[in-house]
Protein chains: 2
Amino acid sequence: MKIGELSHKTDVSARMLRYYEEQGLITVERRENGFREYDDYLVDRVRKIRELLDSGIPTRIIADILPCLNREQLLVTDADPQLRAVLIEQRDKMEQRIAILTHNRDALSRYIDAMDEATTADRPGAPNGR
Amino acid sequence: MKIGELSHKTDVSARMLRYYEEQGLITVERRENGFREYDDYLVDRVRKIRELLDSGIPTRIIADILPCLNREQLLVTDADPQLRAVLIEQRDKMEQRIAILTHNRDALSRYIDAMDEATTADRPGAPNGR
DNA sequence: TCAGACCTTCACACCCGTGTCAGGGTCAAG
DNA sequence: CTTGACCCTGACACGGGTGTGAAGGTCTGA
């Protein structure tokens, strides 16, 4: 498919699709006329890239770990210890982020609950803002 | 304390401490001579700011939610529905990030395990890393 | 054949978090 | 009084992710 279609399917601007290519996150074929030709599997891949980007992982890291993220055929032939170190580092960073986010999500939930209790307790009627 | 001390205690550059102030993340007193005077409680606050920033939350959002993140005395008097909406939105976003990060952390772990199995299976002898 | 939709590259520009440097003030110890 | 450590403001710069616009090529349908 052409860039417009992929853009539409993934909700990612064409600009960004070219950028991801430039950053080595995806590999794209070319038609005779110079147009980019995107394979179908790139739909999922781009979506995953968006997820990771939205979660605060920079492209550089994504490029490193993306090839290792396919739940399906993970036949690991090349056990590069250098890569292993990178993966472990990134996994640990994710772990840390998860902990922090969980902690703060809970704090937010508590606060929201407290707000709700305050309104229902204080005013036995309509939940309104002052 | 002065900015240098806080910087040292939090491992955050003075530049950044001024920046956080500028972004409304912290409120700082001034001495007669114009020097910033930081309260003790700011040590924790700055650390929390770092955590959130490192987890990919932008300053604008941090400014919104930071006042609601104190586990201790959360006496909610002002139940502003506008604020509530913001908090809920942010909590949901955190939830989503947590899900994505968890998913990818697990994928990484699986891959790392696969690497390790590949090496130990292939080469019965030297155990590697961890 | 021409319009319009879609593609190409290149470049400028923005925001955000951060470093760094210049020019200048405060203050305590020698 | 001078030095040195520390502070101030202001500015430039940079990388990352993103938008936008210019100038031009491709293709399809009226």
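Here is how names work: the chains are called A, B, and so on, in the same order as the sequence lines, proteins then strands, and each is numbered from 1.
Listed by residue number, the members of residues 7-17 of chain A with any heavy atom below 4.0 angstrom from DNA chain D are A/S13, A/R15, A/M16. Of the residues in residues 36-55 of chain A, those with a non-hydrogen atom less than 4.0 angstrom from any atom of DNA chain D are A/R50, A/L53.
Residue B/R18 is classed as a base contact, given a heavy-atom separation below 4.0 Å to a base.
A side-chain hydrogen bond (donor to acceptor under 3.5 Å, both in side chains) with B/E5 is found for exactly one of B/K2, B/H8, B/K9, namely B/K9.
OP1 or OP2 of D/dT26 has not a single side-chain nitrogen or oxygen of A/R30 nearer than 4.0 Å. Considering only side-chain N and O atoms, A/Y20 lies under 4.0 angstrom from the phosphate OP1 or OP2 of D/dT18.
The nearest pair of heavy atoms linking B/I62 to B/I49 is CD1-O, 4.1 Å. Residues B/C68 and A/L108 come closest through the heavy atom pair CB-CD2, 4.4 Å. Summarising the geometry of A/I98 relative to A/T102, their closest heavy-atom pair is O-OG1, 2.6 Å, with the distance given to 0.1 Å. Closest heavy-atom contact between A/H103 and B/K48: CE1-NZ, 3.5 Å. Across A/M1 and A/V43, no two heavy atoms sit closer than the pair CE-CG2, 3.9 Å. Between B/M115 and A/D80 the shortest heavy-atom distance is CE-O, 3.2 Å.
In this structure, the OH atom of B/Y19 is 17 Å from the P atom of D/dA11, given to the nearest Å. Atoms CZ (A/R31) and P (D/dT26) sit 14 Å apart, rounded to a whole Å. Residue A/K2 contributes atom NZ, which lies 8 Å from atom C1' of D/dC27 at whole-angstrom precision. Residue B/L6 contributes atom CG, which lies 15 Å from atom P of D/dC6 at whole-angstrom precision. Going from atom CG of B/N33 over to atom P of D/dC8 covers 9 Å, rounded to whole Å.
With sequence neighbours excluded, the residues satisfying side-chain contact (heavy atoms from CB on, under 4.5 Å) with B/N33 are B/R31, B/F35.
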Could you walk me through whether A/D54 and B/R97 pass the side chain to side chain contact (heavy atoms under 4.5 Å, CB included) check?
-> CA-CA 8 Å; A/D54 287 343; B/R97 272 160 119 106; 5.8 Å; no
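First and last contacting nucleotides of DNA chain C toward chain B (any atom under 4.0 angstrom from a heavy atom, 5' to 3' order): C/dC16 to C/dC27.
Of the charged side-chain nitrogens involved, at least one lies within less than 4.0 Å of a carboxylate oxygen, so that A/R84 and B/D116 count as a salt-bridged pair. B/E37 has no carboxylate O lying under 4.0 Å from a charged side-chain N of B/R30, or vice versa, which leaves the two without a salt bridge.
For the pair A/T10 (side chain) and A/R47 (backbone), a donor-acceptor distance under 3.5 Å is absent.
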Heteroatom pairs (N/O) under 3.5 angstrom, protein to nucleotides 1-4 of chain D:
none

Donor-acceptor pairs under 3.5 Å, side chain of residues 16-28 of chain A to any protein atom, not counting sequence neighbours: which ones?
{"residue": "A/Y20", "atom": "OH", "partner": "A/R50", "partner atom": "NH1", "Å": "2.6"}
{"residue": "A/E21", "atom": "OE1", "partner": "A/R36", "partner atom": "NE", "Å": "2.6"}

